[in-house]
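Everything below concerns the one structure shown next.
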Amino acid sequence: AAYCRVSTAKEEQLDSLANQKEFFEAYARTNGYELVRVYADEGISGTQMRKREQFQALLRDAARHHFDLVVVKDISRFARNTVDFLQSVRALKELGVNTRFLTANMDSLGESEFVLTLFGALAQEESANLSRRVKFGKRLNAQKGRVPRLLYGYHRVDNFQLAICPEEAQVVRKIYSLYVDQGLGCRTIAQQLNGLGYVTKQGCPWTPSAVHRILTNPIYCGHHVNHKYEVENYLTGKRKKLPPQEQFHHSRPQWAIVTPEQFAQAQQQRQQRGRQQQRQRRKRRKLPPECEPARTAPERSDPLLPLREQ
């Protein structure tokens, strides 16, 4: 068997994946091996084993003794996490399956674990350096005002410019009007938009969270904020929200669909409704003071006893 992987779904890397498959087919023919299957993960990072479906399939088939040799072109294609790398190699060794890394000219059954650990650590460090370069590039683009690929209400002109989409801008204004002027909630607004046949930028039905994003993104009043999140751990892909002082703010009045006053009113109402909902939740959880020792609601059959507040 053979395993290959590309970390992004870009066309040039998918071409590389096809080339890798051809390489393994030629390698099997040249060396007189029977190629059972080529396992290929497309657009998947090597730092997270659980997301690599084809790699998991390889391990399952190894347990079924479908093959006795796995050929990998480079250790970084196998794993960029040292722990996952060693665990996978050990699991295959226990099943009697040899793992061959061609560029390093190593076989897992013939090398000491120290050597394998060393090469695995080098692959992980390479991934760490790549993560730092990507993070630096994203921060630099954020400072310049890079815009999202898809944003409702706008057409993306290039990486740093947007143009208002008149049809979608009408829907954005409608959302603010329903929320601010009529006092409707996100769920009700989403239902109304769906009833009128409107869809999101991806062509999906509107949801409360999609409406909420429209109401909380200051870009709709001409103020673009980016660099809000950053990858905290490149091995797990976990992101953290950055404090306001680390975010980048860009004034773009030409992108305004609603006025700053309308946006501010929406935020004020959102906060007021949030506080009101919290008070209501606290009331539902707590009994009246005179009932607290019992910790249970009184029987409704006695009209003289206080009832739990609703």
Side-chain angles (χ1 to χ4, degrees), residues 1-10 13-14 16-17 19-21 23-28 30-31 33-136 230-240:
Y3 178 75
C4 53
R5 175 186 61 81
V6 293
S7 55
T8 70
K10 292 183 179 179
Q13 289 220 346
L14 294 183
S16 172
L17 187 61
N19 292 335
Q20 289 184 56
K21 290 180 179 179
F23 169 82
F24 288 122
E25 291 170 356
Y27 179 86
T30 303
N31 292 275
Y33 293 129
E34 178 189 353
L35 183 60
V36 176
R37 178 178 170 183
V38 177
Y39 299 84
D41 280 310
E42 301 177 8
I44 302 295
S45 169
T47 59
Q48 301 184 53
M49 193 71 70
R50 58 186 174 82
K51 294 184 178 181
R52 294 159 63 187
E53 295 180 359
Q54 287 294 298
F55 191 85
Q56 297 299 328
L58 182 148
L59 295 177
R60 289 193 297 270
D61 289 346
R64 300 185 184 108
H65 305 290
H66 288 183
F67 45 80
D68 56 11
L69 172 66
V70 176
V71 180
V72 187
K73 201 169 185 181
D74 188 77
I75 288 177
S76 64
R77 299 300 90 195
F78 194 72
R80 288 186 180 270
N81 182 322
T82 307
V83 175
D84 288 342
F85 170 73
L86 288 175
Q87 288 178 343
S88 301
V89 168
R90 287 170 182 168
L92 290 169
K93 287 175 71 174
E94 289 179 2
L95 295 167
V97 177
N98 183 28
T99 308
R100 179 170 298 167
F101 304 101
L102 298 180
T103 55
N105 193 25
M106 290 195 314
D107 283 26
S108 63
L109 294 181
E111 297 290 344
S112 70
E113 191 162 283
F114 172 77
V115 175
L116 292 172
T117 303
L118 182 61
F119 276 87
L122 290 173
Q124 178 171 315
E125 184 59 24
E126 181 185 347
S127 181
N129 289 333
L130 176 62
S131 176
R132 285 190 283 267
R133 290 195 296 269
V134 170
K135 186 182 294 186
F136 176 79
E230 187 177 74
V231 174
E232 186 175 33
N233 187 329
Y234 75 97
L235 292 175
T236 62
K238 182 180 179 182
R239 299 199 311 164
K240 66 175 181 179

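Note that the numbering runs from 1 along the sequence shown for the chain. As the structure is a computational prediction, the values presented were derived from the model and not from experiment.
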Atom CG of Asn31 with >12 non-hydrogen neighbours under 6.0 angstrom: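 Count over threshold, so yes.
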Looking at [atom1] of [X] and [atom2] of [Y], how far apart are the two atoms once the value is rounded to the nearest 0.5 Å?
X	Y	atom1	atom2	answer
Phe55	Asp84	CZ	CG	8.0 Å
Asp68	Leu95	CG	CG	11.5 Å
Leu59	Gln87	CG	CD	11.0 Å
Thr99	Leu69	OG1	CG	8.0 Å

Partners meeting ring pair (Phe, Tyr, Trp, His ring centres under 6.0 Å) with Phe101 (sequence neighbours left out):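 Phe101 satisfies ring pair (Phe, Tyr, Trp, His ring centres under 6.0 Å) with Phe78, Phe85 only.
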By ring pair (Phe, Tyr, Trp, His ring centres under 6.0 Å) - contacts of Phe24 (at least two apart):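 With neighbours one apart ignored, the set is empty.
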Pairing residues for Arg133 by the salt bridge (charged side-chain N to carboxylate O under 4.0 Å, His left out) criterion, not counting sequence neighbours: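 Scan of Arg133 (salt bridge (charged side-chain N to carboxylate O under 4.0 Å, His left out), adjacent residues dropped) gives none.
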Pairing residues for Asp107 by the salt bridge (charged side-chain N to carboxylate O under 4.0 Å, His left out) criterion, not counting sequence neighbours: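 Asp107 satisfies salt bridge (charged side-chain N to carboxylate O under 4.0 Å, His left out) with Arg100 only.
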Test side chain to side chain contact (heavy atoms under 4.5 Å, CB included) applied to Lys93 - qualifying residues, sequence neighbours left out: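 With sequence neighbours excluded, Lys93 shows a side chain to side chain contact (heavy atoms under 4.5 Å, CB included) to Val89, Ser108, Leu109, given in chain and number order.
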Minimum heavy-atom distance Gln54-Asp41, with the two atoms named: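 Residues Gln54 and Asp41, closest heavy atoms: N-OD1, 2.9 Å.
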Non-neighbouring partners of Arg90 that pass side-chain hydrogen bond (donor to acceptor under 3.5 Å, both in side chains), sequence neighbours left out: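 Arg90: side-chain hydrogen bond (donor to acceptor under 3.5 Å, both in side chains) contacts with Glu113.
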Backbone N/O of Arg77 and side chain of Arg5: donor-acceptor pair under 3.5 Å: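 Present.
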4.5 Å side-chain heavy-atom contact, Leu35 and Tyr27: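 Side chain of Leu35 against side chain of Tyr27, heavy atoms only: no contact under 4.5 Å found.
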Side chain to side chain, Val70 and Tyr39, heavy atoms closer than 4.5 Å: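 Contact flag for Val70/Tyr39 side chains = no.
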Side chain to side chain contact (heavy atoms under 4.5 Å, CB included) between Tyr33 and Val71, worked out: CA-CA 11 Å; Tyr33 293 129; Val71 180; 5.6 Å; no
